[in-house]
Amino acid sequence: MKDIVLKLEKEHFLTDDEFKALLEDDSKETADFLAERASAVKKEIYGNQVYIRGLIEFTNYCKNDCYYCGIRHGNANADRYRLTKEQILDCCEVGYNLGFRTFVLQGGEDGYFTDERIVDIVKAIKAGYPDCALTLSIGEKSYESYKAFYEAGADRYLLRHETADECHYGKIHPKELSLANRKQCLYNLKEIGYQVGCGFMVGSPFQTTESIIEDLKFIKELNPHMVGIGPFVPHKDTPFKDMAQGSLELTLKLLSIIRLMLPHVLLPATTALGSINALGREKGILAGANVVMPNLSPRDVRKKYLLYDNKICTGDEAAECIVCMKNRMKSIGHEVVISRGDYKN
């Protein structure tokens with residue numbers, strides 16, 4: 001298996017059969033070797049630096065009914081909220097003083113936040129914090145909307161493709177959502193000039209090894225600046241409430257594979273990873289990730305933005321705990337840096 005890993009490191013891609021062999025090899029030896037090579041590649045480009053992003057979850061209203069998501073439109077138990085522009089700017093001020101130089105505005109697809117409102121918020125953040133990068137993660141929009149946000153000052157856009165397998169996509173989304181449109185949005189974002197992020201859930205219901213290979217092929221083709229992957233974690237108020245959680249081991253392995261496939265990629269060790277394992281984020285960094293995203297949202301709304309159950313960062317473990325995050329990274333030989341943390345060509 002080492003030969004396959006070394007081929008991936010050298011050529012940044014594999015055949016379907018090689019990917020399958022690598023993904024289905026459950027040995028610790030292979031996982032350790034993958035992580036070792038991924039860490040070496042990451043170190044060459046980014047050193048031991050870990051970039052922090054301040055996550056601001058500004059609305060949990062969503063018009064979509066994705067079967068896996070806790071803030072889906074059909075969840076009558078969700079306690080809905082929207083942050084005002086002033087609240088969002090307060091979050092930025094707190095974050096800036098803590099050392100954050102990237103803010104991530106994330107929310108459901110909420111019709112209240114029209115293009116005009118988003119443009120106004122983006123301009124206000126960029127005017128107040130011109131040395132900071134601003135990432136949006138607000139779902140599928142038109143080309144014109146994306147262009148307006150970009151011209152207002154947004155730098156990056158995160159839009160997980162969720163799965164690149166058409167059949168799988170249909171099993172985890174309602175029929176009004178389409179994979180073709182999702183992919184087109186990502187290509188539009190790239191064309192406009194954003195630093196673009198895609199991603200998927202590991203171990204989502206009905207996912208197969210073949211589905212994951214389709215994801216890897218799509219990621220390679222898109223060649224994004226960021227890839228966000230994390231384990232599927234069920235939410236009690238969704239159709240998938242009784243489905244099994246995604247695996248920590250497979251998620252870590254995929255982080256390493258993606259690092260070797262796209263050496264320069266910005267790769268978060270996600271909150272979901274930390275939610276299924278106390279040391280999940282540290283393990284993610286050691287597997288090849290180089291970004292962590294603590295929560296800057298006001299404390300009283302953190303428990304309301306629950307995409308899945310048992311999410312961490314709903315209390316003290318959040319942006320205020322930046323000292324704790326720095327210490328955790330230091331304990332594994334990495335350093336949290338005050339930086340926009342841009343993609344390195």
What closest approach, in Å, do Arg72 and Tyr67 show between heavy atoms, and which atom pair accounts for it? NH2-CD2, 3.6 Å
Interatomic distance, Leu296 atom CG to Leu105 atom CG [nearest 0.5 angstrom]: 10.5 Å
Flag yes if Ile332 and Ile52 sit in one hydrophobic cluster, no otherwise; membership is Ile, Leu, Val, Met, Phe, Trp, Tyr, and two members link when side-chain heavy atoms are under 4.5 Å apart. yes
With the 4.5 Å side-chain cut-off for hydrophobic clustering, are Leu250 and Leu273 part of the same group? yes
So, does Gln207 use its side chain to make a donor-acceptor pair with the main chain of Gly203 at under 3.5 Å? yes
With Glu249 via side-chain contact (heavy atoms from CB on, under 4.5 Å) - residues at least two apart: Ser247
Tell me whether Arg101 contacts the main-chain N or O of Cys132 through its side chain, where contact means a donor paired with an acceptor under 3.5 Å. no
From OH (Tyr68) to OG1 (Thr238), nearest 0.5 Å: 11.0 Å
Consider only side-chain N and O atoms of His334 and Lys42, and report whether a donor and an acceptor are under 3.5 Å apart. yes
Applying salt bridge (charged side-chain N to carboxylate O under 4.0 Å, His left out), which residue pairs with at least one partner in residues 204-219 are found, sequence neighbours left out? Asp16-Lys217, Lys20-Glu210, Glu214-Lys217
Can you hop from Tyr143 to Leu159 via hydrophobic side chains spaced under 4.5 Å? yes
Do side-chain atoms of His225 reach the backbone of Val196 as a donor and acceptor pair under 3.5 angstrom? yes
Side chains of Thr270 and Arg281: do they bring a donor and an acceptor to under 3.5 Å? no
On the ring face of Tyr146, is Lys141 found with NZ or CZ under 6.0 Å from the centre and within 45° of the axis? no
Is Val292 reachable from Ile338 through a run of hydrophobic residues whose side-chain heavy atoms are each under 4.5 Å from the next? no
Taking the ring of Phe58 and the ring of Phe113, is the distance between their centroids below 6.0 Å? yes
Less than 6.0 Å separating the ring centroids of Phe240 and His235? no
Taking only residues two or more places apart in sequence or in another chain, which ones pass side-chain contact (heavy atoms from CB on, under 4.5 Å) with Lys283? Leu248, Leu252, Asn277, Leu279
Using the ring of Tyr169 (Phe, Tyr or Trp, six-membered ring only), decide whether Arg182 places NZ or CZ under 6.0 Å from its centre and within 45 degrees of its axis. no
Hey, do the aromatic rings of His73 and Tyr61 have their centres closer than 6.0 Å? no
Would you say the side-chain atoms of Gln49 and Asn290 include a donor-acceptor pair closer than 3.5 Å? no
Flag for Glu18-Thr15: side-chain donor and acceptor within less than 3.5 Å: yes
Side-chain donor-acceptor pair present, Asp155, Gln195, cut-off under 3.5 Å: no
If hydrophobic clusters are built from ILVMFWY residues whose side chains come within less than 4.5 Å, do Leu254 and Val5 share one? yes
Salt bridge or not between Asp110 and Lys63? Use side-chain N to carboxylate O under 4.0 Å. no
Give a yes/no verdict on a cation-pi contact between Arg117 and Tyr112, requiring under 6.0 Å between NZ or CZ and the six-membered ring centre and an angle within 45° of the axis. yes
For this output row, return yes or no: ring centroids of Tyr194 and Tyr150 closer than 6.0 angstrom. yes
So does Asp25 pair up with Lys253, basic N to acidic O under 4.0 Å? no
Examine the side chains of Asp131 and Tyr96 and answer whether a donor and an acceptor come within less than 3.5 Å of each other. yes
